[in-house]
There are 2 protein chains.
Amino acid sequence: MYSLAEENYLKAIYHLEQQTKGEVSTNAIAERMSTKPSSVTDMIRKLADKKLLSYKRYKGALLTSDGRKTAANVIRKHRLWEVFLVEKLNFHWDEVHEIAEQLEHIKSEELISRLDKFLGSPDFDPHGDPIPDKHGNVKRTEKKLLSELNKKQRGVCVGVKESSSDFLQYLDKKKITIGTKVTVLGKEFFDGSMVIQVGRDQFFISKKIAENLYVQTN
Amino acid sequence: MYSLAEENYLKAIYHLEQQTKGEVSTNAIAERMSTKPSSVTDMIRKLADKKLLSYKRYKGALLTSDGRKTAANVIRKHRLWEVFLVEKLNFHWDEVHEIAEQLEHIKSEELISRLDKFLGSPDFDPHGDPIPDKHGNVKRTEKKLLSELNKKQRGVCVGVKESSSDFLQYLDKKKITIGTKVTVLGKEFFDGSMVIQVGRDQFFISKKIAENLYVQTN
DNA sequence: CACAATATTTAGGGTTGTCTAAAAAAACAT
DNA sequence: ATGTTTTTTTAGACAACCCTAAATATTGTG
């Protein structure tokens, strides 16, 4: 059982590893966590003692498979709670992060297993990011912007890029939500506008809309 | 915003005040919290500084109305989460306490307001205890054991006293859950057994059953 | 390669919340 | 009412986690 601080460090390092592909620097961690490098040194040393990451002085940190699994589990919890907040409690996609930051630290395997089932075992959170499975494995299929699709391609809406109130209300009106299937019927190269099919409806969308909607294309 | 430890102390003192009707002793708090009296002295001093309780050396603690309200709010959150765990995630009534102890500290007014609505603004938790409203007021109508009711009396099931797996399964089978209306059709004084009506069904229950089911009789 | 700039670690300290052991106050009993 | 028992507080210390300032290692540049 790891402390709140430990879990947050693991999560931060996990995310940083995906960007930097290699050791994560003390400074990078400090910046991401809004803390000081000296605090980071203390903590990564502690996490190294616990075999959650490997660390050599001045060389940065690299998660062990234990550490990676633990981090992925915290992220799994975070994203499942985000789905809960949006789908069940009708929060907007951009209001849930802070609350999920707290909920992700609740300790109970059983709780998460039941929550997952209750939510229908979703694969993506409301921002379109994949939810790791209980073993810490992530479906690493890239999410794309709807604007990257071409005529006749099909995608499942997995999240939004921007999440202004206006945009979310627009999506509501058009009945586009997570899991909605979208087909591109036409694409105008001049202005990037599209005609898409959503359920039985067909309608026109501007480039701006298409550039702010993430889809998954298997 | 209060710390986890502070909230737990307030909660414990709130509960103890209801039993002792008056100042709560250092030792009583220590025992309830499985901690040492010296730690309690430290903390109640701190809470007194924050005007959450009044404290005079060697005289014990008494919550201020601020402190009482804060405590009631933590208890509100605890009980709402318990309802969620039982009603939505299908936990048994006796499995939820520990998880709710964690969830009760999540900070977000909006979350609780939405959770409350999602659950249908319940008045009681799965153990039959009343859920304080958002102002910290508690419906102080006593819950009774079903066995205390007499012929023709009616009650709403609000919780269980014992919560063994066998008993919960029995209740399941008889379709008795929180909110179920129960009418006493007959009561045998010799052995305390009863005939009750639940929905359209009428059936016999033993004294043992009747003594483990809490009801609310407005 | 040497020196400046940058990154990282070390040293020493602060806060929160806990503990043990000892001192002080209150309650109890004869 | 006086001595004993119990309760409560004080004193001093510790662990987790964070900080600042100073020292040290690494990197980049001419």
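In the text below, chain A, chain B and the rest are named by the order of the sequence lines, each starting its count at 1.
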Just compare [options] and give me whichever is closest to any side-chain atom of [X].
| X | options | answer |
| --- | --- | --- |
| S38(B) | dA11(D), dT10(C), dC18(D) | dA11(D) |
| P37(A) | dA26(C), dT9(C), dT10(D) | dT9(C) |
| N27(A) | dT9(C), dC19(C), dT8(C) | dT8(C) |
| T41(A) | dC19(D), dT10(C), dT18(C) | dT10(C) |
| Y9(A) | dC19(C), dC18(D), dT18(C) | dC18(D) |
| Y58(A) | dC18(D), dT8(C), dT18(C) | dT8(C) |

- Query: Given side chains that start at C-beta, do those of I131(A) and E82(A) come closer than 4.5 Å, heavy atoms only?
  - Reply: no
- Query: Considering heavy-atom distances to DNA chain D, does T35(A) or K59(A) have its closest nucleotide positioned more toward the 5' end?
  - Reply: T35(A)
- Item | Residue mapping more 5' on DNA chain D - nearest nucleotide basis, R57(A) or M43(A) | M43(A)
Rounding to an integer number of Å, can you tell me how far [X] [atom1] sits from [N] [atom2]?
| X | N | atom1 | atom2 | result |
| --- | --- | --- | --- | --- |
| I29(A) | dT8(C) | CD1 | P | 9 Å |
| E31(A) | dT6(C) | CD | P | 15 Å |
| I44(B) | dT8(D) | CD1 | P | 9 Å |
| L4(B) | dT18(C) | CG | C1' | 14 Å |

- Message: Is it the case that the side chains of N8(A) and H105(A) hold a donor-acceptor pair, with the cut-off being a distance below 3.5 Å and no angle test?
- Response: yes
- Between the side chains of D66(B) and T64(B), does any donor sit under 3.5 Å from an acceptor? no
- Audit row: K21(B), E17(B), salt bridge (Lys or Arg N to Asp or Glu O under 4.0 Å) steps and yes/no: CA-CA 5 Å; K21(B) 307 286 182 196; E17(B) 266 189 11; over 6 Å; no
- Looking across every strand, which nucleic acid part, if any, lies under 4.0 Å from T26(A) by heavy atom: base, sugar-phosphate, or nothing? sugar-phosphate
